[in-house]
Amino acid sequence: MPITNAEIAEVFDRLAALVEIEGDSPFKVRAYQRAARTITSLPVELSQMVQETADLRAVKGIGEQIAAKIHEIVTTGQMQSYERKKAALPEGVLTILEVPGIGPKTAYRIATDLGVTTVDELERALADGRVAALPRMGEKATESILQTLQTRGAKGKRLPVSLTLPIAEQVIAALRERCPSLKTLAPAGSLRRFEETVGDIDLMGTSDDPEKVLDAFADLPLVSEVLVHGPKKASVLVKGMQIDLRIVPEDQFGSLMQYFTGSREHNIQLRELAVRKGLSINEYGITHVDTGEMVAFSDEASLYSYLDLQYIPPELRQGLDEIDLARQGAIPHLIEEADLLGDLHAHTDQSDGRDPLEAMIQAARERGLQYIAITDHSRSSTIANGLNEDRLRHHVQHIRELDSLLPDIKVLAGSEVDIRADGTMDYSDEILADLDFVVGSVHSAMEQDKAAMTRRVVRAMENPRVDVIGHLTCRLLGHRHPTNADVEVVLQAALRTGTAVEINCLPHRLDIKDTHARRARDLGVPMIISTDSHKFEDYSQARLGIGIARRAWCEPKHVLNTLPLEGFLASIKGHKRR
DNA sequence: GCCGTTTTCGGCCCGACTGTTTTCAGTCG
C-alpha cells in the first residue's frame, strides 16, 4: 500500500516542528511547512509521480533535498532524518505540541524539564502548578491551556463544511440583529474557499465603530466562551467551534477579505510578489515601501488588479500555480451553480428516499432544472429497500408516464445499481439496457484490498450500460475511510471506457474530492455533479459539489450536466463504447 | 531549504493578542 500525500505531508509538518525545536534556521522550518501544505493540495499522488520517475522539483516549494526525502519515504516507507531527529528529542514532545496554546518552545521545556510524555500527564502537570513554574509561563497561561484541553481536546477538530455553514449563518444573523451599525458581514477563510472541512470560522465585517461590534459579538447569547477580545479582533466559541471576527472601515474591506480568505500559502506568495514590486501587503491595504503611502481597497478585484493580476476566485487560492496563471491572464471562468441544467442522481420513497416521485420532480422543476434522472437503489441494497426486477419495471413505467405529461422537464428512468464484489452489476444487461441512465456504485464489501477494489470498479466501467460511477471512494467524512480503490487507475479506465465520474454533493460524502476532480479534469475524464438527493431539499446541496468542481479548476465544459438535454444525452451515448 | 523579468547568493510575509514582562517572547492565523 503506497504512502498517501496526506501521510507524507504529516511527516513534513512534524519534521518542521522538530527542526524548530532544535533551533535550526526558521527558513528551513518554513520550507518544510510550505512543502507539507503544498503536498496536501497536490492533484497527483507523490507515490504515483515517483513510480513514473516524474521530476518532483517541478512542484513549487520542492527542491533537491525535499525531493530526495520524498523519494526516500515513498520507496522505503521511512525518512531517516526525521526518525533520527525524533529519536534524539525527549519522548512526547510531538504529542504535547498538538495541544492548542503550546508551541515548540513550551513543548520542549515541558517534555525535558518535567519529563511529561502524554496528554494525561500534561493535564496533571498543568493542574499542580509544575508548568506554571517554567520560565515565561504563569497562572493565567496554564489555566487557559488547561481549559482548552478540557473543553476541546488535544487536537483541534475540523468539521465538514456543510455543518459549519449553518453555524456561520446563525452567528451572522444574530450579530446583525444586535448591531444595526454593522454594514457588511461575510465568512472568509477555509469556509469561503470551500475546503471540505473547516477548523474555525472567520467572519469579516465593516463598521464605523468596530469596538462596539466586537463587544456585541463577545456578548452574543450563542457564545459559550470568549477566547480573545481586543479592539480589532475577537475570538469566541460557539457550539465548540472557534469563531474569529475582524472589523474594519468600509474602504478597507477588500484588503481584509483577501487577507483572511487565504490560503496561508497563497497569501505568502502574494506578499512575496508584492515585496519584489516594492510593496507591502497587510490586512488594511498595500503600502509603497519607499514613500510609506498606503492604498486601501474596498473590493478584492481591485487589489489583485493593483498587483497586475487577474482576479483569483477564493476556491483557487491554494498556493499552487494560481498566481503565475493570474499574471498570464490564464485563470479560467469557473463553473457556477446556475450552469447545472440537470441532476442525475435522486432517490424516491420507492427505495430509501423520503419523498414520492411526484414531489421530487416538482422540486426539480421549481429549481429550473431541464432534466433529472430518478435512480433508486437496486435489488441487493436491501437495507435501502432496493427494487427487485418487478418493482423496477413498474417504477420505470410510472416514471415514463409522468414524464410524457411534462413538457418543461425530462425525467430519465434510471437506477443506482450496486457494483457487486466481483465487479458485475446487480441487474442483468437486458434490464440495464432498458434504463435511460445508470449510476454504478459500491455499497458493500468495502474492505476489499486495493487490487480487488480497483479491478471491481474498472470492470463496472467496462460494462457499456454504466454511464457514471457514483461516489467513487465511498468515504463518509469523519466516519468511514475511503475504499482502497486506486483512484489513478480508475480515472485512466474512465477515460478509456468513456465512463463519467460523479461528484457527489451529499455533505458527508463530497466524493470524489477536490484533488481527484482536478486530476480527472486534467486527464479529460467527464464529470457529472449530482446531489444524490434523498428528499427534495437535498437538491440545494449542489452548491457543495460546485465548490469541489471550482477547487478543481472546472469550467462548465468539464461537467456533462451543464449541457442542454439533447447534448447531454448525445454525450453520454457518444462517450461510451456500446 | 527554496528560489530568481533585480539575484546561482542572499534574501526569505505580516500582524494581533496575551501574559509575563519593564521591552518582548510565544503562539496563532
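Chain identifiers are assigned alphabetically (A, B, ...) following the order of the sequence lines, protein sequences preceding nucleic acid strands; residue numbering begins at 1 within each chain.
Between A/E195 atom CD and B/dG29 atom P there is a gap of 14 Å when expressed in whole angstrom units. As rounded to whole Å, 8 Å separates atom P of B/dC3 from atom NZ of A/K60. In this structure, CZ of A/R57 is placed 13 Å from P of B/dG4, rounded to the nearest angstrom. Look at CD1 on A/I70: it is 13 Å from P on B/dG1, rounded to the nearest Å. For the pair A/E64 CD and B/dG1 P, the computed distance is 11 Å after rounding to whole Å. In this entry the distance linking CD of A/E98 with C1' of B/dT27 reads 15 Å, nearest Å. B/dT27 atom P lies 8 Å from atom CZ of A/R109, rounded to whole Å. Following rounding to the nearest Å, A/L18 (CG) and B/dG1 (C1') show an atom-to-atom distance of 16 Å.
Atom P of B/dG1 sits at a distance of 25 Å from the matching atom of B/dT7, rounded to the whole Å. Straight-line distance between the P atoms of B/dG10 and B/dC17: roughly 38 Å, to the nearest whole Å. Atom name P, nucleotides B/dG19 and B/dC12: the rounded distance is 32 Å, in whole Å. Using atom C1' as the reference point in both B/dG11 and B/dT6, the two lie 12 Å apart (nearest Å). Atom C1' of B/dG15 sits at a distance of 23 Å from the matching atom of B/dT22, rounded to the whole Å. Annotation: B/dC14 and B/dT8 have their P atoms spaced 23 Å apart (nearest Å).
With both pairing distances under 3.5 Å, B/dA25 is matched to B/dT18 as a Watson-Crick or G-U wobble pair.
Across the interface with DNA chain B, nearest-nucleotide mapping of A/G63 and A/G103 shows A/G63 to be the residue nearer the 5′ end. Taking the nucleotide of DNA chain B with the nearest heavy atom to each of A/E272 and A/L97, the more 5' of the two is matched to A/E272.
When every heavy atom of A/F217 is checked against every heavy atom of A/V236, the shortest pair comes out as CZ-CG2, 3.5 Å. Between A/S255 and A/N282, the shortest heavy-atom distance links the atoms CB-O, 4.2 Å.
Using a 3.5 Å distance cut-off with no hydrogens or angles, the side chains of A/T184 and A/T206 do pair a donor with an acceptor.
Stacking between A/F27 and the base of B/dC2 is absent under the criterion of ring centres within 5.5 Å and planes under 30 degrees.
By the 6.0 Å contact criterion, CD on A/E139 is open, its count of non-hydrogen atoms from other residues, nucleotides or ligands being 12 or less. Within a 6.0 Å radius of NZ in A/K183, more than 12 heavy atoms belonging to other residues, nucleotides or ligands are found.
In the set B/dC12, B/dG1, B/dG29, B/dG1 carries the atom at the smallest distance from any side-chain atom of A/Y32.
Contact annotation: the side chain of A/Q170 approaches that of A/K239 to within less than 4.5 Å [non-hydrogen atoms, C-beta and beyond].
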- Encode nucleotides 15-21 of chain B as B, S and - characters from 5' to 3', where the letter depends on protein heavy atoms closer than 4.0 Å: B to the base, S only to sugar-phosphate, - to neither. SSSSBB-

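Of the inter-residue distances, the one linking A/D308 atom CG with A/L273 atom CG reads 8.5 Å to the nearest 0.5 angstrom. Atom OG of A/S263 is separated from atom CD of A/Q318 by 7.0 Å, given to the nearest 0.5 angstrom.
Checking each of A/L126, A/V131, A/T106 against A/I145 for a side-chain contact (heavy atoms from CB on, under 4.5 Å) leaves exactly one that passes, namely A/L126. When A/R84, A/K85, A/K28 are each tested for a salt bridge (charged side-chain N to carboxylate O under 4.0 Å, His left out) with A/E22, only one passes: A/K85.
When heavy atoms are screened at a 4.0 angstrom cut-off, A/P104 is found touching the sugar-phosphate backbone but no base atom. Backbone-only engagement by A/I62 is indicated by non-hydrogen atom pairs under 4.0 Å involving sugar-phosphate atoms exclusively.
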If you restrict it to nitrogen or oxygen atoms, what contacts under 3.5 Å exist between nucleotides 5-7 of chain B and the protein, and what is each distance?
none

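Taking A/D522 as the reference, A/R518 meet the salt bridge (Lys or Arg N to Asp or Glu O under 4.0 Å) condition, with sequence neighbours excluded.
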